[in-house]
Engineer: 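Please see the structure below; I have some questions.
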Amino acid sequence: MKYIIEHMEEGFSEWVILEYSQILRDVGSENLVLTSLPESTTEKDIPQRLLDLGLQWTTKECVTIDGGLDSSKVCLLDPAAETDLVPEDASKFDYFVFGGILGSHPRIDRTGLLRDKYGFSGRRLGALQMTTDTAIRTTQLIAEKQKKFGDINFIDYPEIKFSQYESTEMPFRYIVDNNEEPILPEGMLELIKHDAEQSIDDLLME
């Protein structure tokens with residue numbers, strides 16, 4: 001089972017580097033491919049931290065990988081889909097494509113480009129916006145661990161506290177750990193605290 005992120009961004013913000021690093025640790029470098037990077041991209045444009053984790057990437061579109069994808073085996077994680085992802089979908093799909101929009105705030109329908117162009121089957125991960133690593137973690141739990149969406153423990157718009165007087169609300173849905181705390185990429189909490197005076201929108205794009 002492979003996870004594909006259509007990057008669709010210029011460059012890599014620190015936020016994105018932390019998310020992609022965590023995804024690589026979660027699913028393994030052999031199971032993640034970053035596609036549709038700008039045509040001018042070379043290896044020197046890829047953050048060294050991602051290269052060290054074995055990131056696979058290409059400037060070509062997702063349909064070209066592995067010798068060309070069979071669209072019937074591709075699931076597009078699509079916020080506009082009418083059907084939620086279920087464990088039974090694991091037998092239908094070999095590839096799960098994320099359109100580079102899960103994690104942007106406010107949501108941008110870049111997934112629509114893939115939906116309209118290739119006609120991939122779409123599945124939804126509930127109604128609320130997730131970060132990219134959360135979306136892949138959720139998909140992995142459903143497709144690989146055969147866990148129903150309704151049985152996954154989430155927290156919506158958690159408040160991240162920096163001190164007794166300072167906090168910020170994250171505009172996303174997260175999976176929680178055994179302590180009922182939102183699961184964030186390694187280093188993300190420190191990034192948010194360090195840039196507490198910036199908006200979440202600024203952190204996503206920086």
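Values reported hereafter were calculated over all heavy atoms of this structure, with side chains retained and with hydrogens, waters and symmetry mates removed.
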Engineer: Would Glu166 and Lys193 satisfy salt bridge (Lys or Arg N to Asp or Glu O under 4.0 Å), going step by step from the backbone distance to the final call?
Structural biologist: CA-CA 10 Å; Glu166 294 181 295; Lys193 288 182 177 179; over 6 Å; no

Engineer: Under 3.5 Å, side chain of Asp177 to main-chain N/O of Asn179, donor-acceptor pair present?
Structural biologist: yes

Engineer: Any salt bridge linking Lys73 with Asp70? Criterion: basic side-chain nitrogen under 4.0 Å from a carboxylate oxygen.
Structural biologist: no

Engineer: What are the two closest heavy atoms between Cys62 and Ser36, and how far apart are they?
Structural biologist: N-OG, 4.5 Å

Engineer: Could you measure the distance from the CG atom of Leu141 to the CG atom of Leu125? Nearest 0.5 Å is fine.
Structural biologist: 10.5 Å

Engineer: Contact between Phe93 and Val74 at the side-chain level, heavy atoms closer than 4.5 Å - yes or no?
Structural biologist: no

Engineer: If you apply the rule side chain to side chain contact (heavy atoms under 4.5 Å, CB included), what do you find for Trp15 with Met188, and how did you get there?
Structural biologist: CA-CA 7 Å; Trp15 180 291; Met188 184 63 75; 3.7 Å; yes

Engineer: Yes or no on side-chain hydrogen bond (donor to acceptor under 3.5 Å, both in side chains) for Gln140 and Arg137, after CA distance, side-chain angles and deciding distance?
Structural biologist: CA-CA 5 Å; Gln140 190 177 29; Arg137 186 172 298 114; over 6 Å; no

Engineer: Would you check if Leu32 and Asp26 make a side-chain contact, meaning some heavy-atom pair closer than 4.5 Å?
Structural biologist: no

Engineer: What distance separates Met130 CE from Asp156 CG, expressed to the nearest 0.5 Å?
Structural biologist: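 CG of Asp156 is found 8.5 Å from CE of Met130.
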
Engineer: Do you reckon Leu85 sits in the same ILVMFWY cluster as Met1, going by side-chain contacts under 4.5 Å, direct or chained?
Structural biologist: yes

Engineer: Could you walk me through whether Thr134 and Phe172 pass the side chain to side chain contact (heavy atoms under 4.5 Å, CB included) check?
Structural biologist: CA-CA 9 Å; Thr134 301; Phe172 306 111; over 6 Å; no

Engineer: Do the side chains of Val176 and Ile192 join up, straight or via other hydrophobic residues, at under 4.5 Å, putting them in one cluster?
Structural biologist: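 Val176 and Ile192: one cluster.
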
Engineer: State, with a plain yes or no, whether a side-chain heavy atom of Tyr3 is found less than 4.5 Å away from one of Ile23.
Structural biologist: no

Engineer: What's the separation between atom CG in Asp45 and atom OG1 in Thr42, rounded to the nearest 0.5 Å?
Structural biologist: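 Between atom CG of Asp45 and atom OG1 of Thr42 there are 4.0 Å.
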
Engineer: Before giving the answer on side chain to side chain contact (heavy atoms under 4.5 Å, CB included), spell out for Asp94 and Lys2 the whole-Å C-alpha distance, their side-chain angles and the decisive distance to 0.1 Å.
Structural biologist: CA-CA 6 Å; Asp94 295 328; Lys2 286 193 176 181; over 6 Å; no

Engineer: Please check this pair: side chain of Gln146 against backbone of Pro87, looking for a donor-acceptor N/O pair closer than 3.5 Å.
Structural biologist: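 Present.
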
Engineer: Nearest 0.5 Å, what's the OG-CZ distance between Ser72 and Phe120?
Structural biologist: 10.5 Å

Engineer: How about CD on Gln48, more than 12 heavy atoms from neighbouring residues, nucleotides or ligands closer than 6.0 Å, or not?
Structural biologist: yes

Engineer: Of all residues at least two apart in sequence or in a different chain, which pass the ring pair (Phe, Tyr, Trp, His ring centres under 6.0 Å) check with Tyr174?
Structural biologist: none

Engineer: Side chains of Glu39 and Thr59 only: does a donor on one sit below 3.5 Å from an acceptor on the other?
Structural biologist: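 Judged by distance alone, the side chains do not pair up.
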
Engineer: For Ile46 and Thr41, run side chain to side chain contact (heavy atoms under 4.5 Å, CB included): C-alpha distance rounded to whole Å, both residues' side-chain angles, the deciding distance at 0.1 Å, then the answer.
Structural biologist: CA-CA 8 Å; Ile46 308 297; Thr41 302; 3.9 Å; yes

Engineer: Looking only at non-hydrogen atoms, find the nearest pair between Ser29 and Gly54 and report the distance.
Structural biologist: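 So the minimum-distance heavy-atom pair works out to CB-O, 3.3 Å.
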
Engineer: Do Ser13 and Val16 have side-chain heavy atoms sitting under 4.5 Å apart?
Structural biologist: yes

Engineer: Would you say Gln56's side chain and Leu34's backbone share a donor-acceptor pair under 3.5 angstrom?
Structural biologist: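 Such a contact is absent between Gln56 side chain and Leu34 backbone.
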
Engineer: For a 4.5 angstrom cut-off between non-hydrogen side-chain atoms, does Phe98 reach Ile4?
Structural biologist: no

Engineer: Indicate yes or no for a side-chain donor-acceptor contact from Asn31 to the backbone of Val27 under 3.5 Å, with no hydrogens or angles considered.
Structural biologist: yes

Engineer: If you count every heavy atom of other residues, nucleotides or ligands that lies below 6.0 Å from Glu82 atom CD, does the total exceed 12?
Structural biologist: no

Engineer: Flag the pair Arg25 / Glu186 as yes when at least one side-chain heavy-atom distance between them is below 4.5 Å, and no otherwise.
Structural biologist: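 The answer is yes, as the side chains (C-beta and beyond) meet within the 4.5 Å cut-off.
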
Engineer: I want to check something: taking the side chain as every heavy atom from C-beta on, are Asn153 and Ile175 in contact at a cut-off of under 4.5 Å?
Structural biologist: no

Engineer: If you compare all heavy atoms of Asp78 against all heavy atoms of Gly122, which two are closest, and at what distance to 0.1 Å?
Structural biologist: CB-CA, 4.4 Å

Engineer: Can you find a pair of side-chain heavy atoms, one from Pro182 and one from Pro158, that are under 4.5 Å apart?
Structural biologist: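 Touching, per the 4.5 Å side-chain cut-off.
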
Engineer: State the CG-CD distance between Leu184 and Gln22, to the nearest 0.5 angstrom.
Structural biologist: 9.5 Å

Engineer: Testing the basics here: between Asp84 and Asp89, what is the closest heavy-atom pair and its distance to 0.1 Å?
Structural biologist: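 Reported closest heavy-atom pair: O-OD2, 4.1 Å.
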
Engineer: Can you name the closest pair of heavy atoms from Gly126 and Arg173 and give their distance?
Structural biologist: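 Looks like CA-NH1, 4.5 Å.
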
Engineer: Between atom OH of Tyr20 and atom CG of Leu50, what is the distance when rounded to the nearest 0.5 Å?
Structural biologist: 9.0 Å

